[in-house]
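Read the structure below first, then the notes.
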Amino acid sequence: MCKRILATQTNQESGVPFYKIGTIGNTPNAYISKELFDSYKYKYSFPRKGEIMITCAGTVGKCIVFNGEDSYFQDSNIVWIDNPTEKIQNSFLYYVLSNVNWRKLNSTTITRIYNDDLRNLNIAYPSTTEQTIISSLLSLIDERIATQTKSLRN
């Protein structure tokens, strides 16, 4: 997904957030310089706001919706789905991919999502109007769960 970032190119204090498998969707613990980020974003492909990102190694199948903010992601372990959205909206695709049992895809010792696993995934989907309704309802449920979880922690 992104050009490789070396450990020597990161720091733990400031700059553009650099997300790895363990930090995507949470608080980053590494940063890269704005100059390096701008250079790589200009030279290499980069996700657009609203596109789905998925972890493909380690914690396999964790999905997030890219929020469009300046941030960089660990190469090959976190990928985004460049979905054309004419047939499947990103908001609906997020819920579909979040509920795939990725561990059943390959029989290797270390589970990994490969490009062909994503390409060959058969997805049944309703009309875009129904997708909007379904994903909106699921989003409301997610928000309610997050609110209740936060309330229980306090």
Side-chain angles (χ1 to χ4, degrees), residues 1-5 15-108 110-150:
M1 102 139 254
C2 290
K3 176 81 171 129
R4 182 173 298 269
I5 297 292
V16 174
F18 176 58
Y19 292 97
K20 299 169 265 184
I21 290 173
T23 58
I24 190 167
N26 296 311
T27 304
N29 61 6
Y31 301 86
I32 61 172
S33 72
K34 177 78 167 128
E35 295 78 21
L36 180 62
F37 170 77
D38 288 340
S39 170
Y40 279 13
K41 187 175 178 185
Y42 175 77
K43 291 179 185 176
Y44 305 104
S45 54
F46 196 78
R48 290 177 295 276
K49 183 176 182 176
E51 289 186 323
I52 309 308
M53 305 183 77
I54 185 169
T55 56
C56 292
T59 304
V60 175
K62 180 178 180 182
C63 295
I64 67 158
V65 177
F66 180 59
N67 63 13
E69 295 176 5
D70 284 355
S71 51
Y72 208 74
F73 305 90
Q74 189 173 22
D75 62 303
S76 78
N77 292 326
I78 301 170
V79 299
W80 84 88
I81 310 299
D82 187 5
N83 176 36
T85 70
E86 288 87 27
K87 294 181 180 180
I88 301 178
Q89 297 175 352
N90 283 328
S91 57
F92 184 79
L93 183 60
Y94 167 79
Y95 287 105
V96 170
L97 294 177
S98 294
N99 288 288
V100 171
N101 183 354
W102 295 105
R103 299 203 181 280
K104 291 184 176 182
L105 287 181
N106 51 57
S107 61
T108 60
I110 299 173
T111 303
R112 179 166 181 80
I113 300 173
Y114 295 98
N115 289 340
D116 284 344
D117 294 326
L118 292 167
R119 282 188 204 102
N120 297 330
L121 193 61
N122 290 318
I123 300 174
Y125 53 91
S127 70
T128 54
T129 302
E130 290 172 320
Q131 289 178 44
T132 300
I133 293 167
I134 292 167
S135 58
S136 293
L137 290 172
L138 292 172
S139 179
L140 288 172
I141 292 169
D142 284 347
E143 288 174 23
R144 180 65 184 231
I145 291 169
T147 300
Q148 293 299 318
T149 301
K150 185 177 178 181

Q131 versus S91, side-chain donor and acceptor atoms under 3.5 Å: no
Of the non-hydrogen atoms in [X] and [Y], which two are nearest, and what is the gap between them?
X	Y	value
G15	Y31	O-CD2, 3.6 Å
T128	K87	CG2-O, 4.0 Å
I24	K62	O-NZ, 2.7 Å
R112	A57	NH1-CB, 2.8 Å
Y19	S71	CE1-CB, 3.6 Å
E51	D82	OE2-OD1, 3.3 Å

Find out whether [X] and [Y] are in side-chain contact, i.e. whether some heavy atom of one side chain is under 4.5 Å from a heavy atom of the other.
X	Y	value
Q74	I21	yes
F66	R48	no
I88	V96	no
I64	I78	no
K43	S39	yes
F92	Y125	yes

So, taking the atom named [atom1] in [X] and the one named [atom2] in [Y], what distance separates them when rounded to the nearest 0.5 Å?
X	Y	atom1	atom2	result
N90	I81	CG	CD1	9.0 Å
N77	I54	CG	CD1	12.5 Å
I52	Q89	CD1	CD	11.0 Å
L93	C63	CG	SG	8.0 Å

Result block: side-chain N/O donor-acceptor pairs under 3.5 angstrom for residues 138-148, not counting sequence neighbours:
| unit_1 | atom_1 | unit_2 | atom_2 | d |
| --- | --- | --- | --- | --- |
| D142 | OD2 | Y95 | OH | 2.8 |
| T147 | OG1 | E143 | O | 2.9 |

With a 3.5 Å distance limit and no angle check, can you tell me whether [X] reaches the backbone of [Y] through a side-chain donor-acceptor pair?
X	Y	value
W102	L97	yes
T23	T27	no
S136	T132	yes

Aromatic plane relationship, Y72 with F46 - under 30° parallel, 30 to 60° tilted, over 60° perpendicular: parallel
Derivation and outcome, side chain to side chain contact (heavy atoms under 4.5 Å, CB included), residues T55 and I113: CA-CA 8 Å; T55 56; I113 300 173; over 6 Å; no
Contacts of V16 that satisfy side-chain contact (heavy atoms from CB on, under 4.5 Å) - sequence neighbours left out: I32, K34, F37, D70
Pair N29-K20, side chain to side chain contact (heavy atoms under 4.5 Å, CB included): steps then yes or no: CA-CA 9 Å; N29 61 6; K20 299 169 265 184; 3.0 Å; yes
N-O pairing of R119 and D116 below 4.0 Å: yes
